[in-house]
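Everything on this sheet refers to the single structure shown next.
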2 protein chains.
Amino acid sequence: MRMSEGVEWALHECLNLTWLEPGEAVTAARLAKYYELPTAYLNKQLQALTRAGILDSTPGPRGGFRLARRPEDITMMDVVTAIEGPDGAFRCEEVLRRSPGDHEGADYRKSCIISQSMRRAELAWRRELAAVTIADLKEIVESRHPASPGAILRGLRT
Amino acid sequence: MRMSEGVEWALHECLNLTWLEPGEAVTAARLAKYYELPTAYLNKQLQALTRAGILDSTPGPRGGFRLARRPEDITMMDVVTAIEGPDGAFRCEEVLRRSPGDHEGADYRKSCIISQSMRRAELAWRRELAAVTIADLKEIVESRHPASPGAILRGLRT
DNA sequence: GCGCATTTACTCGGATATTTTATGTCCGAGTCTCTTGGG
DNA sequence: CCCAAGAGACTCGGACATAAAATATCCGAGTAAATGCGC
């Protein structure tokens, strides 16, 4: 069980984009260069964020990516779901269905206590991630590292 | 991000083993046959559980696997950790270290707010799983499906 | 009939293939900008 | 000087390789039981 590395990239880049002027866009190449990431692969993640309605993309010169909505309206859960997909980590394959006996009309994804317990745990995980917005992250960074926003802006623009 | 299917198998088999007589062992072949699982691969998972101290294994005739401790002392988290390994789903690769500027002596696994938030979420997940023991599962099954234990025992012994 | 050495069959355990997933790369479609020529 | 048409360059977007991990399989080391032999 390992989360895609793209999640870490996506969260950092979303956070970085919060410090841009409204309407200002940054290309995938500049975002990638800032963390020395492979440009084309980061682009792939940014596309996923765009499909999820988290980013807006504009092609052509002066194009690039920008946040599609206010940072207050983007949760960490939104970003994780955009990159990793909507399915949870535990996928009940209903092994009980293959055991001896009759299983007519049984949905073990719902009735199996193991499946239920795993789902309950993942729900707690999702709740934590859904409680933190990009705006929260921005505020904490500005409070702890006041010099960072300026440095990031400079990095993204050069 | 997808959890190994072996986790589902391991949980079900640990639960099944709770209904055996004390000291009674079941071979990997019988455990696999009950759910029509690939024997050798299930054996691999059982080995992982053995290394983790959850199961005891004895070779030779009349050998097999049994629980190494009381079901009350085995949590779902124990089983998940045994199969998936000790590392969490989110692995902070410290992308901040690759950004412009000085990073002497910084441990972004601890200081980065994104890493912190992800860890907090996983902690909530672990807490839920650690709160449920195999004994809890056993009790619920016996309460909801009184006929199951007998059927399982018969299945494992034939 | 009883005890002991030997054989035999059975089990786990780890080393070895195969399939799936994640990672990384490349080139084309579309769009905005800049240039350039004419009015 | 102003405007419009066209060329050019830049960007995203999805299709295509490569690397890593999960899945599945096989065979050997070790063990306990069963067998056969001698007493």
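So that the names make sense, note that chain A is the first sequence line, chain B the second, and so on, each numbered from 1. Quick caveat: nothing in here was measured; it's all calculated off a predicted structure.
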Closest-nucleotide mapping onto DNA chain D: is B:L42 or B:E84 further toward the 5' terminus? I mean the 5' end.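 Nearest nucleotide further toward 5': that of B:E84.
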Within this structure, what is the [atom1]-to-[atom2] distance between [X] and [N], rounded to whole angstrom?
X     : N      : atom1 : atom2 : result
B:Q45 : D:dT23 : CD    : C1'   : 9 Å
A:L37 : C:dT23 : CG    : P     : 12 Å
B:L55 : C:dT11 : CG    : P     : 17 Å
B:E5  : C:dT21 : CD    : C1'   : 15 Å
B:L46 : C:dT11 : CG    : P     : 14 Å
A:K44 : D:dA15 : NZ    : C1'   : 9 Å
B:R2  : C:dT21 : CZ    : P     : 7 Å
A:E93 : D:dT23 : CD    : P     : 10 Å

Among [options], the one nearest [X] by side-chain distance:
X     : options                : result
A:T27 : C:dC12, D:dC12, C:dT21 : D:dC12
B:Y41 : D:dA15, D:dA24, C:dG13 : D:dA24
A:P59 : D:dA24, D:dT11, C:dG14 : D:dT11
B:R51 : C:dG14, C:dT23, D:dA22 : C:dG14
A:P38 : D:dG13, C:dG24, C:dC12 : C:dG24
B:N43 : D:dC12, C:dG13, D:dT23 : C:dG13
A:A40 : C:dT11, C:dG14, C:dC26 : C:dC26
B:P61 : D:dA32, D:dT23, C:dT31 : D:dA32
A:S57 : C:dC12, C:dT23, D:dC12 : D:dC12

Is there a donor-acceptor contact under 3.5 Å from the side chain of B:S143 to the main chain of B:E139?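 Judged by distance alone, no pair lies under 3.5 Å.
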Return yes if some donor-acceptor pair links the side-chain N/O of B:E84 with the main-chain N/O of A:M1 below 3.5 Å, else return no.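 Pair found, side chain donor or acceptor close to backbone of A:M1.
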Using heavy atoms to find the nearest nucleotide of DNA chain C for B:G64 and A:W9 separately, return the residue whose nucleotide is more 5′.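 Nearest nucleotide further toward 5': that of B:G64.
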NA contact type, [X], heavy-atom cut-off 4.0 Å: base, sugar-phosphate, or nothing?
X     : value
B:G6  : nothing
B:A28 : sugar-phosphate
A:M3  : nothing

Under a 4.0 Å threshold between the charged nitrogen and the carboxylate oxygen, would B:R66 count as salt-bridged to B:E13?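 So B:E13 does not pair with B:R66 through a salt bridge.
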Crowded around A:R109 CZ? As in, over 12 foreign heavy atoms under 6.0 Å?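 Atom CZ in A:R109 is packed in, count exceeds 12.
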For B:H12 together with B:Y34, are the ring centres under 6.0 Å from each other?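 No: the rings miss the under 6.0 Å criterion.
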Donor-acceptor side-chain pairing of B:T133 and B:D136 below 3.5 angstrom: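 B:T133 vs B:D136: donor-acceptor pair found between side chains.
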Please determine if a side-chain N or O atom of B:T58 lies less than 4.0 Å away from the OP1 or OP2 oxygen of C:dC12.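 No, B:T58 has no side-chain N/O under 4.0 Å of OP1/OP2 on C:dC12.
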